[in-house]
2 protein chains.
Amino acid sequence: MTRVLIVEDERALLRALAMNLTARGYEVTEAETGTRALSAAAAVEHDLILLDLGLPDLSGFDVIRGVRAYAQTPIVVVSARTGSSDKVAALDLGADDYVTKPFNIDELLARLRAAVRRAATPDIVDVVQVGTCTVDLGAKTVTTANGAAVHLTPTEWHLLEALVRRPGKLVTGRALLTELRGTPEHTDPSYLRIYVAQLRRKLEPEPSRPRHLITEPGMGYRFHP
Amino acid sequence: MTRVLIVEDERALLRALAMNLTARGYEVTEAETGTRALSAAAAVEHDLILLDLGLPDLSGFDVIRGVRAYAQTPIVVVSARTGSSDKVAALDLGADDYVTKPFNIDELLARLRAAVRRAATPDIVDVVQVGTCTVDLGAKTVTTANGAAVHLTPTEWHLLEALVRRPGKLVTGRALLTELRGTPEHTDPSYLRIYVAQLRRKLEPEPSRPRHLITEPGMGYRFHP
DNA sequence: GCTGGTCCTCACGGATTCGTCACGCCCGGC
DNA sequence: GCCGGGCGTGACGAATCCGTGAGGACCAGC
């Protein structure tokens, strides 16, 4: 199931696109303003963002920047502006494609498919072992050694994913915070510690002596497989 | 250096594109037919393929299929055909973008940049050998010969990076100090020695007889690969 | 309105790291 | 031979950072 976020202030077009994509099996989230788009993008991980440049509050460029600050989600821009300077700006800011209105729906769909296909990671490591626990990133489930299910809150999931997706790599505290919240910074770094501790309590065999969710003092955290 | 393969049978356009891209620092290979394009793509690994659909021998679709059979090189199609069916077919066969003639050169260049950027591996693996130890600057890990992990403090990392990023070059003590702390100077230069010593103790086979973290008396330090 | 769950702040004890001091060594100059 | 400057090493307070517990704010469901 491909999750796509549609950002479009023109209501009629938004509904038409949403219905069209839903009918084709996409899971659609809608946003009519730039701020809502950013919060929606930060709340749920999407596989694709369909973005109209003309928004009432923020510039579409700001949305691109805001998303690219922490995620590589494919962004396909749909805009009435046909000037090449707008296209160049959007593409160089990190957009993946640029379609001008009016567009042919079949072409747009093909471009969406291409964007999603490109972003598909060839190495889908969905199941990871964390000590005695099994983490299924696709199904969003954690099961302990004896088969019991472990419940994780959304924040805990985001944190665990951010660490597990980069096995062995050090992830700095700021990077984790920007991944947890859309806002880049201005947050107490001490608040990471709580969720790391909770994850350890739920996943590590010896929470006081962590072997997989390792802290690097002064630098960040690291997932050790 | 980005290597791009231009496939275009219209000679004037081919030369114009080639000159334009060469002037911008791309390394250009030219092909005027589909068969030459396929052999050129197979001979050398390219970072990007700029493909005209209208070729004298093969169909451009065949070229896409032929390349996609074994490689994921980004393919940007340039075509005079504006029909949506052609776009859909090319994109679904594996093309990454589709630009119709006549095109704006700035837009085309932006789309090429976007295609190359997407294909770039996100994790720049810069791995350096320091004697028997392996230093992964991206993951911030140091592993010794037998695979054991070595722990480095933030200051040690900064110092090691500052030296390793300039292999063979002499780095003056002041430069190292300014890199370690934001403050430019007014620091005891003797304080470098402690961290250099600690790095040697952790990385060098014989810390008392350093072979890679070399001190140049009266001047600074040097990393010898 | 109540309840359960989640998010986030605050404060405190402990561990890690930082930066300085002191001391011994090597080497070139006198 | 003597000496002084630069360098390597060990040790020690102090500052910083981390783990943990408690507790209030907020939201959804009943």
Side-chain angles (χ1 to χ4, degrees), chain A residues 39 42-44 140 142 149-160 162-163 170-183 185-222, chain B residues 140 142 149-160 162-163 170-174 176-222:
Chain A
S39 59
V44 187
K140 289 252 196 298
V142 176
V150 179
H151 175 68
L152 260 54
T153 72
T155 314
E156 290 164 8
W157 260 113
H158 281 135
L159 181 58
L160 182 62
L163 288 170
L170 183 137
V171 188
T172 179
R174 170 172 296 182
L176 288 174
L177 284 170
T178 61
E179 196 138 345
L180 287 193
R181 331 164 133 207
T183 69
E185 33 195 320
H186 254 291
T187 54
D188 189 358
S190 77
Y191 129 103
L192 267 182
R193 304 203 291 263
I194 285 91
Y195 288 99
V196 174
Q198 289 187 5
L199 277 181
R200 289 208 256 246
R201 222 172 305 166
K202 292 180 176 179
L203 298 179
E204 291 273 5
E206 278 182 281
S208 59
R209 206 183 298 274
R211 286 171 50 188
H212 303 93
L213 270 38
I214 296 172
T215 145
E216 300 280 349
M219 306 183 68
Y221 291 89
R222 182 198 306 278
Chain B
K140 287 257 199 305
V142 176
V150 178
H151 178 70
L152 260 56
T153 71
T155 320
E156 289 163 10
W157 263 111
H158 283 135
L159 180 59
L160 181 61
L163 287 170
L170 183 138
V171 188
T172 178
R174 171 172 295 181
L176 288 174
L177 284 170
T178 60
E179 195 137 346
L180 287 194
R181 331 164 132 207
T183 69
E185 30 196 322
H186 251 292
T187 54
D188 189 359
S190 77
Y191 133 102
L192 268 182
R193 303 201 294 265
I194 284 90
Y195 290 100
V196 174
Q198 288 188 7
L199 277 182
R200 289 208 256 247
R201 219 173 309 165
K202 292 180 176 179
L203 298 179
E204 291 273 5
E206 279 181 279
S208 58
R209 205 181 297 276
R211 287 171 50 187
H212 302 93
L213 270 38
I214 297 171
T215 143
E216 301 281 348
M219 308 188 64
Y221 291 88
R222 182 197 306 277

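To find a chain, count down the sequence lines: A is the first, B the second, and so on, and within it residues start at 1.
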A:Thr153 side chain, from C-beta outward: closest of C:dC18, C:dT6, C:dG19: C:dT6
N/O (side chain, B:Tyr191) to phosphate O (OP1/OP2, C:dG19) under 4.0 Å: yes
Integer-rounded Å distance: C:dC18 C1' and B:Leu152 CG: 15 Å
Side-chain heavy-atom pair A:Val150, A:Leu152 within 4.5 angstrom cut-off: yes
Any donor-acceptor pair under 3.5 Å from A:Lys202 side chain to A:His151 backbone: yes
Validation row: B:Glu156, B:Leu159 side chains within 4.5 angstrom (heavy atoms): no
Side-chain N or O of B:His151 closer than 4.0 Å to phosphate OP1/OP2 of C:dT17: yes
Reference residue A:Tyr221; test side-chain contact (heavy atoms from CB on, under 4.5 Å); the match among A:Val196, A:Val171, A:Leu170: A:Val196
Side-chain (B:Arg200) to main-chain (B:Leu213) donor-acceptor, under 3.5 angstrom: yes
Base-contact (B) and sugar-phosphate-only (S) positions in nucleotides 6-13 of chain D, heavy-atom cut-off under 4.0 Å, - elsewhere: SBBSS---
Separation of atom CG in A:Leu176 from atom C1' in D:dC17, rounded to whole Å: 16 Å
Separation of C:dC7 C1' from A:Trp157 CH2 (nearest whole Å): 19 Å
Length of the line joining B:Glu156:CD and C:dG19:P, which is rounded to integer Å: 12 Å
A:Tyr195 OH to D:dC18 P, straight-line distance once rounded to whole Å: 18 Å
Side-chain donor or acceptor of B:Glu204 paired with backbone N/O of B:Arg211 under 3.5 Å: yes
Whole angstrom value for the distance that separates P of C:dC8 from CG of A:Leu192: 11 Å
Separation of atom CG in A:Leu159 from atom P in D:dG19, rounded to whole Å: 12 Å
Spacing of A:Arg174 atom CZ relative to D:dC17 atom P, expressed in whole Å: 13 Å
Heavy-atom side-chain proximity of B:Thr155 to B:Tyr191 below 4.5 angstrom: yes
